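Have a look at the structure below before the remarks.
Each chain gets a letter, A, B and so on, in the order its sequence line appears, and its residues count up from 1. The shown structure was predicted, so the numbers you read here are calculated from the model rather than taken from an experiment.
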2 protein chains.
Amino acid sequence: MQISKGVEWAVHAASLLNGLPAGRGLKAEAMARYHDVPAAYMAKQLQALSKAGITKSSRGAHGGYRLAKPADEISLWDITAAVDGKGPAFRCTEIRQNGPCGLKPKDCKQACQIAAAFAVAEQAFRDSLEAVTLADIAGQVVNDAQPDHLFAIMNWLNAETVPLSDKGL
Amino acid sequence: MQISKGVEWAVHAASLLNGLPAGRGLKAEAMARYHDVPAAYMAKQLQALSKAGITKSSRGAHGGYRLAKPADEISLWDITAAVDGKGPAFRCTEIRQNGPCGLKPKDCKQACQIAAAFAVAEQAFRDSLEAVTLADIAGQVVNDAQPDHLFAIMNWLNAETVPLSDKGL
DNA sequence: TTAAATCGGATATTAAATATCCGAATAAAG
DNA sequence: CTTTATTCGGATATTTAATATCCGATTTAA
């Protein structure tokens, strides 16, 4: 049971986007460089975020990414689901219907007890992640950070961000 | 984020062991046949259960497996951890320390906010699974099943189980 | 003592996650 | 309006982990 590395990168990237000034964007390569990770693979995660409606992108010269909605409407679960999929972690293959004592399909109208228990646990996991938004993360980071570190980030963002075109949003 | 198929098999196998008469055992091949799954791979899961102290095994002629402790002391999390490992699903690689604005190690004494949020969610997941024991599963299954189905299982177990030797326990 | 039977760890195979590349699309400059 | 530089998006390799299998170590019963 592993969460893909892409989820970590995607959350960090989204947090970074949250920090940039209004009306400006950041390209995938810059975000990869900021975190010192392979650019092409970071780009893949950002595509997943755009597909899920978490980020918006604009192509061409001076293109880039920005958040598609307020940070307090983007939960950690939203990002996890966008990158790793929203399917259940426990996949019941109904082996209770197999073998010499297998149940008949008509006696399997309610879910397998084992699968049901895992579904409850996964729901608890999701609920916990849904309760944490990008805004929460950002707030904690700002609180804990040294002032000069925040200043350094601001400077870097000012140098790297581009004003997004009107169409691109 | 996927839970391996082996976990499903292991839980079903453990449930089956819970149903067998006191002092008797069941070999890996029989459990595989009962669920109509590959014997060698089922065996692998049972080895993991034994290693974790959930089952006890005895080798040689008339060998087999049995539960190592009462069913109400074996939780779904115990089995999941035995088969899939107990490591965290979200693996923080500390990319906050990377790149042009990376944090210094001395400023990273407390865990990354993102990793912390995932740790909370995973704890909720574990807590939920720890609250469900094999005894709970067995109780629900017995309640829901048709009497003739339970009878069929009993007959099959009587035919397949072997009396475990004294040493083997 | 012997031999059959079973578990346990080591070994192939397949699927998924990881990483990369190239074409489609867009906007700015000429 | 055309051209060109730039960026995203989907399609394509590579590596890792999950899946499946096999053979030797060990134990018990005959």
Side-chain angles (χ1 to χ4, degrees), chain A residues 1-10 13 17 25-33 36-52 55-66 68 80 83-85 87 89-91 93 160-169, chain B residues 1-10 13 17 25-33 35-52 55-66 68 83-85 87 89-91 93 160-169:
Chain A
M1 163 160 167
Q2 300 285 62
I3 292 172
S4 87
K5 197 185 296 188
V7 171
E8 183 192 14
W9 298 6
L17 288 180
L26 198 53
K27 62 182 176 181
E29 182 274 330
M31 280 185 265
R33 187 154 34 82
D36 192 23
V37 296
Y41 195 41
M42 170 59 90
K44 189 182 167 75
Q45 317 309 330
L46 292 168
Q47 286 171 29
L49 292 184
S50 284
K51 221 169 180 177
T55 58
K56 285 191 176 178
S57 65
S58 68
R59 302 211 263 197
H62 294 195
Y65 289 93
R66 57 163 294 184
T80 303
V83 174
D84 259 21
F90 182 92
R91 298 152 290 170
T93 59
E160 293 284 344
T161 58
V162 294
L164 285 177
S165 67
D166 298 347
K167 289 186 185 171
L169 182 60
Chain B
M1 163 158 168
Q2 300 284 61
I3 292 172
S4 87
K5 197 186 296 189
V7 171
E8 183 192 13
W9 298 7
L17 289 180
L26 198 54
K27 63 182 176 182
E29 181 275 330
M31 280 185 266
R33 186 153 35 81
H35 295 107
D36 193 22
V37 296
Y41 196 40
M42 169 60 88
K44 189 182 168 77
Q45 317 308 331
L46 292 167
Q47 286 171 30
L49 293 184
S50 284
K51 222 168 178 177
T55 57
K56 286 190 177 179
S57 64
S58 67
R59 300 212 264 196
H62 293 194
Y65 290 92
R66 56 164 295 184
V83 173
D84 259 20
F90 183 92
R91 298 151 291 171
T93 59
E160 292 285 344
T161 57
V162 294
L164 286 178
S165 68
D166 299 346
K167 288 185 188 173
L169 183 61

Roughly how far apart are A:R66 CZ and A:S57 OG, rounded to 0.5 Å?
-> 11.5 Å
Look at the side chain of A:D84 and the backbone N and O of A:S4, then say whether any donor-acceptor pair between them is shorter than 3.5 Å.
-> yes
Candidate nucleotides D:dT19, C:dC7, C:dT18, ranked by approach to the side chain of B:Y65 - the nearest | C:dC7
Any side-chain heavy atom of B:K27 within less than 4.5 Å of one from B:V162?
-> no
Nucleotide of C:dA19, D:dG9, C:dC7 approaching A:Q47 most closely (side-chain heavy atoms) = D:dG9
Round to a whole Å and report the spacing from NZ of A:K5 to C1' of D:dT15.
-> 11 Å
Would a distance-only check, ignoring hydrogens and angles, find a side-chain to backbone donor-acceptor pair under 3.5 Å from A:R91 to B:I3?
-> yes
What residues in residues 38-46 of chain A put a non-hydrogen atom under 4.0 Å from any atom of DNA chain C?
-> A:P38, A:A40, A:Y41, A:K44
Salt bridge between A:E160 and A:R33, side-chain N to carboxylate O under 4.0 Å?
-> yes
Return the value, rounded to whole Å, for the distance between atom CG of B:L49 and atom P of C:dG8.
-> 11 Å
Is any side-chain nitrogen or oxygen of B:S57 closer than 4.0 Å to OP1 or OP2 of C:dG8?
-> yes
In whole angstroms, the gap separating C1' of C:dT6 from CZ of B:R33 amounts to 14 Å
Measure the distance from NZ on B:K56 to C1' on D:dT27 and round it to the nearest whole Å.
-> 17 Å
Which whole-number value in Å describes the distance from A:E29 CD to C:dA19 C1'?
-> 16 Å
d(CD1, A:I3; P, C:dA17) in whole Å = 12 Å
Do any N or O atoms from the side chain of B:E8 and from the backbone of A:T93 form a donor-acceptor pair under 3.5 angstrom?
-> yes
d(B:M42 CE, B:Q45 CD) to nearest 0.5 Å is 7.5 Å
Let me know the distance between CG of B:D36 and P of D:dA20, rounded to the nearest Å.
-> 13 Å
B:S58 side chain near D:dT27 phosphate (N/O to OP1/OP2, under 4.0 Å) = no
May I have the distance from A:K27 (atom NZ) to C:dA25 (atom C1'), rounded to whole angstrom?
-> 17 Å
With heavy atoms under 4.0 Å as the rule, sort A:G63 into base, sugar-phosphate or nothing.
-> sugar-phosphate
Residue closer to the 5' end of DNA chain D, A:R91 versus A:R59 (nearest nucleotide) = A:R59
